[in-house]
Amino acid sequence: MISLLMITTTSMRPNYVARGFTIFTRRCGPSSRGYTTLSRRSLAWHTRHTTFVRASISLPQDQREYNQTTTFQSKSQKREYSPSRTIESSGPSEVLSSIQHYNDDEEVTADNWREHPDLNPTLTFPTWAVPLEHASVLQTLLSSELTQPFLATRHELLQQCHPRPKIVQDGDKHKYILLDPQQQQEKQLPTDLINLLQQHHVQLQGPDVTIRIRYHQLPMTYILHKVLPPHVHPPPTAFETVGHVAHLNLREHHIPFAKLIGQVLLEKSSTIETVIHKVGQVNGPFRTYDYQLLAGRNDTICRVMEHGIQMELDLAKVYWSSRLAQERQVVLEQEIREGQVIADAFSGVGAICLLAARDKNCTIFANDWNPQAIHYLKRNFATNRLRHHLVQSTHQDAYEFLMDLGLSSSSCEELEDDEEEATASKSSKTTHLVDHVLMNFPLKAPTFLGALRWWSPPLSEHSPRLHVYTFARADAKTGRSAQDVAIDIIASELLPPMGLEDDDNDDDDDGGCHHRQQELNDEYGCQVVAREVRDVAPGKLVFCVSFTATPELLRVMQGSF
Ligand SMILES: C[S@@+](CC[C@H](N)C(=O)[O-])C[C@H]1O[C@@H](n2cnc3c(N)ncnc32)[C@H](O)[C@@H]1O
């Protein structure tokens, strides 16, 4: 039995909806009309490419599954950031008092916990005693290569203290040079050193001297080792800072002590004013995450500096990763040339756009579906006095943005509607396509490539180069490396499935497993290159696949409607 659903709209966009065994498509675009019957094999390919349905089409709930992005991208799903979840967790006083009493009478309280003896340790050091009348030799002794290995400056904990305790302590008749107890025990003093010390009247067996290290001098790891119960060890050490915000990625067993950990981190860093804990994973269309405030003020609007570019962003509302800074430099140095036109389909708050504008005098078309990201992007262009480089800054779905890029002058029309951007350089209103399209959204970017079917084939010399990020794993079944797989993910979004003409034979269904780099290069001149960016999990890598959208490629894409 054949069931059929056909959708037509007044839109000039491609729309498909599959239902049951057979699909009819109607393309309302300029270069093709009518209906096509698709086989099961090509249905698989077409449904993968059906990534855009205009908001004006309202599909019944049960049919939405057939569109990959309707649910994901529905505008009604744009969410306001909701307040963070609160989790119960212990403060320092609760934890310390459960380990040990302050003294017999005094309990540790919320106010005095920093005074706890465990957090203000006393350390005893052997010394060399220098008579006061010979104190002038101290500097010579301390800077001598012979004395250095024995000094308390080598002591592991002292090295981590800030400010560091003085290693010369005052006595009534002597100055005492503190020595590293470990070194004293292990090493015999060399004869040269003994001679040097004796020559300056230094007593080799000075009295032991005890000093007290205070809470505020000790490093975070030391404090956390003391205050966290043993079953929570090792304490968290890694955290990421974005402006004044530190965000921790705590493990499950740390959670009951999250506030304590946050408080200590806050007190141990002079630049951190807010400590948050990421709750769950980066998720949702805007790639943000929920957080819980652990310590400090609840303020996630940060200022960050990257290679001299100043950016403001709200961590709670937009995607941000400082770890991408290096990748941005690689793209900038390897791909982008002076004065080129750059379109960024998933721009976030605009880091690479800003760098390209400042360092390479580029003209920028920026887009991110998150209106907050675009709000900050515009602001950042203004702050860095680069507004004249910003021709377009829209918060459209990337499919629409990419499609419009290729429809010659459409981006210029939008520009004229936008008063704020009316100051942008007139010279950038070109009708040829852009030089580079950046698509840094590894989770989904390849699925937006279907939008290229709407591009008018440019002259070969104006063919844009696309840089599409994707996750990939090596495929043992087909013997392809992760890099091959990355290229094939992109190829499967650009080229019709292999062996489409032979689609009655189910046995040779390739399932998109053929390596197609050569096809893209030899038949369509795409000059495909895949560059490994980073690994995100064992065996799972991020690649940036770059290729040229040649007229030949665009023609075959259009032909495969
Ligand atoms: C991995 S982030 C990359 C951000 C940016 N390139 C950077 O380096 O900071 C992906 C971005 O894509 C945006 N995004 C997600 N879905 C989108 C869509 N359908 N159209 C346009 N942007 C989208 C998110 O809001 C997010 O800012």
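Remember, it's 1-based here, ligands and their atoms both numbered in the order they're listed. Only this structure's heavy atoms are used, side chains among them; waters, hydrogens and symmetry mates stay out.
For a threshold of 3.5 Å applied to N or O pairs, the pair formed by A373 and ligand 1 contains no separation below that value.
Atoms of ligand 1 lying under 4.0 Å from any heavy atom of N370, numbered from 1 in the order shown and given with element: 25 (O). With ligand atoms numbered from 1 in the order given, ligand 1 contributes 20 (N), 21 (C) to contacts under 4.0 Å with heavy atoms of Q396. Close approach to W369 involves these atoms of ligand 1, each under 4.0 Å from a residue heavy atom: 17 (C), 18 (C), 20 (N), 21 (C), 22 (N), 23 (C). Within ligand 1, the atoms closer than 4.0 Å to a non-hydrogen atom of F441 are 10 (C), 15 (C), 16 (N), numbered from 1 in the order shown. Near A345, meaning under 4.0 Å from one of its heavy atoms, ligand 1 places the atoms 21 (C), 22 (N).
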Might you work through the ring pair (Phe, Tyr, Trp, His ring centres under 6.0 Å) test for F441 and F448, ending with a clear yes or no? CA-CA 10 Å; F441 182 17; F448 289 85; 7.1 Å; no
Evaluate the side chain to side chain contact (heavy atoms under 4.5 Å, CB included) criterion for residues R465 and T548: first the C-alpha distance (whole Å), next the side-chain angles of each, then the deciding distance (0.1 Å), finally the verdict. CA-CA 4 Å; R465 195 133 173 95; T548 305; 2.7 Å; yes
Pair E335-H436, side-chain hydrogen bond (donor to acceptor under 3.5 Å, both in side chains): steps then yes or no: CA-CA 8 Å; E335 308 287 355; H436 294 277; 5.2 Å; no
Quick one, D314 with T300, criterion side-chain hydrogen bond (donor to acceptor under 3.5 Å, both in side chains). Give me CA distance, side-chain angles, the key distance, then yes/no. CA-CA 5 Å; D314 188 343; T300 48; 2.6 Å; yes
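Within 6.0 Å of atom CZ in R297, more than 12 heavy atoms from other residues, nucleotides or ligands are found, so the atom counts as buried in its surroundings. More than 12 heavy atoms of other residues, nucleotides or ligands sit less than 6.0 Å from atom CD of E338.
In this structure, F448 has a heavy atom closer than 4.0 Å to ligand 1. Distances from ligand 1 to the non-hydrogen atoms of S321 include no value under 4.0 Å. Ligand 1 lies less than 4.0 angstrom from a heavy atom belonging to R328. Between P285 and ligand 1 there is a heavy-atom distance shorter than 4.0 Å. Ligand 1 lies out of reach of K444, whose nearest heavy atom is not under 4.0 Å from it. Using a 4.0 Å cutoff on heavy atoms, S347 counts as a contact of ligand 1.
Looking at Y469, F346, F401, Y319 and measuring to atom 5 (C) of ligand 1, the nearest heavy atom belongs to F346. Selection from D368, L324, I352, V318 by nearest heavy atom to atom 25 (O) of ligand 1 gives D368.
Counted by atom type alone, S481 and Q483 present zero donor-acceptor pairs between their side chains at under 3.5 Å.
Taking the six-membered ring where the residue is Trp, the centroids of F547 and Y524 are separated by 6.0 Å or more.
A heavy-atom distance below 4.5 Å is not found between the side chains of H395 and N370.
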